[in-house]
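Keep in mind it's a predicted model, so treat the numbers as computed, not measured. Below, chains carry the letters A, B, ... as their sequence lines are ordered, and counting in each starts from 1.
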Protein chains: 2
Amino acid sequence: MSTHAHTQFEEGNSGYVTYFKDKGKLAIPPAKHLAIVTCMDARIDVVAQLGLKEGDAHIIRNAGGSAKDSVRSLIISQRLLGTREIAVFHHTNCGMQTFTTPQLREKLKASAEESNSEKVGAAADAIQFLEFSDLDKSVKEEVEFVKTHPLILKETEVTGWVYHVESGKVRRVV
Amino acid sequence: MSTHAHTQFEEGNSGYVTYFKDKGKLAIPPAKHLAIVTCMDARIDVVAQLGLKEGDAHIIRNAGGSAKDSVRSLIISQRLLGTREIAVFHHTNCGMQTFTTPQLREKLKASAEESNSEKVGAAADAIQFLEFSDLDKSVKEEVEFVKTHPLILKETEVTGWVYHVESGKVRRVV
């Protein structure tokens with residue numbers, strides 16, 4: 001890469017600022033009392049893909065769209081900012097279907113410098129990378145995880161979905 | 001709430017699908033080799049706010065925009081999908097500046113049913129909620145955390161920013 005992306009952030013931002021208008025008046029709590037968990041994948045713009053708008057929902061994103069990796073955020077969303085609905089999204093053609101945790105740990109260890117290998121090995125072994133193979137099965141497990149978590153409010157409406165990157169369509173799983 | 005937000009997802013999605021066009025051809029690896037960490041806040045649309053587009057960057061979002069809570073995702077982003085730049089964003093008027101971990105733990109425990117109180121207490125005590133008071137200081141700490149993490153590639157370009165919800169402007173901190 002000749003140029004880092006961040007060198008263009010301020011110029012890119014100046015365009016956004018010109019049509020910012022009265023968005024500065026939006027409240028902190030999400031208008032639709034909704035928290036969405038979805039993947040970090042670059043092809044995902046879940047707000048546009050669901051016909052939502054800025055201010056409507058908390059958007060939690062991580063590798064895979066893992067609710068298990070979102071508990072801290074979900075609790076803050078519910079207890080401090082009033083959300084009462086959670087929608088978990090996975091998507092087709094996801095990077096999480098292409099590896100296993102043992103494989104990735106080996107890759108991390110293999111690239112460590114010798115002086116650092118013990119530290120890297122311990123750090124790698126401490127992480128569960130939360131990969132999955134079957135999309136629908138994983139979505140169902142995530143929804144079940146959320147519904148039965150002791151720190152998630154019992155009255156929460158929880159649904160599970162798959163986003164299809166080939167067509168832009170969403171499909172409800174549970 | 002009379003209606004849950006998810007009952008409108010399919011209808012909202014149908015509009016997106018009509019102008020989806022050739023987005024289905026976008027590759028999995030982010031075109032700009034960039035991973036962004038930012039807050040789940042409903043007012044944030046970091047892709048638009050930086051003049052980026054779908055396909056450009058991994059977007060990792062959680063309560064506060066915590067890199068500490070993003071290590072699993074950052075490793076997958078770098079080792080499996082080739083990103084080599086990380087930008088960490090916090091934002092003004094953030095919910096993470098309004099509480100402390102001990103306060104939130106107490107709130108969780110106080111709302112537990114008696115039959116479940118032991119389980120709730122243990123689960124609450126196991127979570128660090130990663131709140132902060134000083135935005136710039138926290139951004140600097142996050143960048144330092146990423147730069148020194150044993151599993152993050154040494155050649156990674158790491159920058160830290162604040163997004164201003166009142167004006168739509170971004171400001172570089174480090």
Where does B:Gln78 contact chain A at under 4.5 Å (heavy atoms): side chain, backbone, both or neither? neither
If hydrophobic clusters are built from ILVMFWY residues whose side chains come within less than 4.5 Å, do A:Val174 and A:Phe89 share one? no
In terms of heavy-atom pairs under 4.5 Å with chain A, the winner among B:Asp22, B:Leu81, B:Leu26 is B:Leu26
Does B:Glu10 form a side-chain contact (heavy atoms from CB on, under 4.5 Å) with A:Arg172? I'd like the steps, not just the answer. CA-CA 9 Å; B:Glu10 279 156 341; A:Arg172 185 165 175 183; 4.3 Å; yes
Quick one, A:Arg79 with B:Ser111, criterion side-chain hydrogen bond (donor to acceptor under 3.5 Å, both in side chains). Give me CA distance, side-chain angles, the key distance, then yes/no. CA-CA 10 Å; A:Arg79 305 296 176 131; B:Ser111 74; 2.7 Å; yes
Are more than 12 heavy atoms, taken from residues, nucleotides or ligands other than B:Lys109, located less than 6.0 Å from that residue's NZ atom? yes
Under 4.5 Å from any heavy atom of chain B, what part of A:Val47 do you find: side chain, backbone, both or neither? neither
Quick check against the 3.5 Å criterion: does B:Glu157 have a side-chain atom that pairs as donor or acceptor with the backbone of A:His4? no
So which part of A:Leu104 gets closer than 4.5 Å to some heavy atom of chain B, the side chain, the backbone, both or neither? side chain
Quick check on A:Leu151 against chain B: is it the side chain, the backbone, both or neither that has a heavy atom closer than 4.5 Å? both
Do B:Leu130 and B:Ile60 belong to the same hydrophobic cluster, where Ile, Leu, Val, Met, Phe, Trp and Tyr are linked whenever their side-chain heavy atoms lie under 4.5 Å apart, directly or via other members? no
Shared hydrophobic cluster, A:Val146 / A:Val71 (ILVMFWY, side-chain heavy atoms < 4.5 Å): yes
Out of A:Ala123, A:Ser73, A:Cys39, return the one with the most heavy atom pairs under 4.5 angstrom to chain B. A:Ser73
So how far is it from B:Ser14 OG to A:Leu50 CG, rounded to the nearest 0.5 Å? 11.0 Å
Under 4.5 Å from a heavy atom of chain A, the part of B:Leu34 involved: side chain
Looking at CZ of B:Phe129 and CG of A:Leu80, how far apart are the two atoms once the value is rounded to the nearest 0.5 Å? 8.5 Å
Per-residue contact mode, A:Ile75 against chain B (heavy atom under 4.5 angstrom): side chain
Quick one: pull up CZ in A:Phe20 and CD in B:Glu166 and give me the separation to the nearest 0.5 Å. 8.0 Å
Does A:Leu135 belong to the same Ile/Leu/Val/Met/Phe/Trp/Tyr cluster as A:Phe145, with side-chain heavy atoms less than 4.5 Å apart forming each link? yes
Measuring heavy-atom distances to chain B, does A:Glu131 have an atom under 4.5 Å in its side chain, in its backbone, in both, or in neither? neither
Pair count under 4.5 Å, heavy atoms only, with chain A: among B:Asp41, B:Leu153, B:Asp69, highest is B:Asp69
Greatest number of heavy atom pairs closer than 4.5 Å to chain B - which of A:Asn62, A:Thr38, A:Ile36, A:Leu52: A:Asn62
Which residue out of A:Ala122, A:Ser167, A:Ala124 racks up the most heavy-atom pairs below 4.5 Å with chain B? A:Ser167
For each of B:Val120, B:Thr98, B:Leu74, tally heavy-atom pairs with chain A at distances under 4.5 Å, and name the one with the top tally. B:Val120
Tell me, side chain or backbone of A:Asp56 under 4.5 Å from chain B's heavy atoms, or both, or neither? backbone
Ignoring hydrogens and angles, tell me if any N or O in the side chain of B:Gln49 forms a donor-acceptor pair with the backbone of A:Tyr16 under 3.5 Å. no
Student check: side-chain heavy atoms of B:Met40 and A:Arg61 closer than 4.5 Å: no
Using 0.5 Å steps for rounding, measure from the CD atom of B:Glu54 to the CZ atom of A:Arg43. 10.5 Å
Highest number of heavy-atom pairs under 4.5 Å with chain B: which of A:Ser77, A:Ala48, A:Cys94, A:Ala112? A:Ala48
If you group Ile, Leu, Val, Met, Phe, Trp and Tyr by side-chain heavy-atom gaps below 4.5 Å, do B:Val88 and B:Ile44 land in one group? no
With a 4.5 angstrom heavy-atom cut-off, which part of A:Ala87 approaches chain B: side chain, backbone, both or neither? side chain
Cut-off 4.5 Å, heavy atoms of chain B, and the answer for A:Ser70 is neither
CZ/B:Arg72 to CD1/A:Ile127 distance, rounded to the nearest 0.5 angstrom? 9.5 Å
I'd like to verify something: which residue of B:Ala27, B:Ala42, B:Gly51, B:Ala35 has the highest number of heavy-atom pairs under 4.5 Å with chain A? B:Ala42
Checking A:Val37 against chain B: side chain, backbone, both or neither under 4.5 Å from a heavy atom? neither
Pair count under 4.5 Å, heavy atoms only, with chain A: among B:Glu11, B:Lys21, B:Lys107, B:Gln8, highest is B:Lys107
Over all heavy atoms of both residues, which pair between A:Val17 and B:Gly168 is shortest? Give the atoms and the distance, please. CG2-O, 3.5 Å
Under the 3.5 angstrom rule, does the side chain of A:Asn13 hit a backbone N or O of B:Val170 as a donor-acceptor pair? yes
Residue part contacting chain B, namely of A:Ala31, when any heavy atom lies under 4.5 Å: neither
Output, in order, the C-alpha distance, side-chain angles, deciding distance and verdict of side-chain contact (heavy atoms from CB on, under 4.5 Å) for A:Met96 and B:Ile76. CA-CA 8 Å; A:Met96 301 302 285; B:Ile76 291 168; 3.8 Å; yes
Ranking B:Lys169, B:Lys53, B:Lys119 by heavy-atom pairs under 4.5 Å to chain A gives rank one to B:Lys169
Please round to the nearest 0.5 Å and tell me the distance separating atom CG of B:Asp45 and atom CD1 of A:Ile59. 9.5 Å
Is it the side chain or the backbone of A:Phe99 that comes within 4.5 Å of chain B heavy atoms, both, or neither? side chain
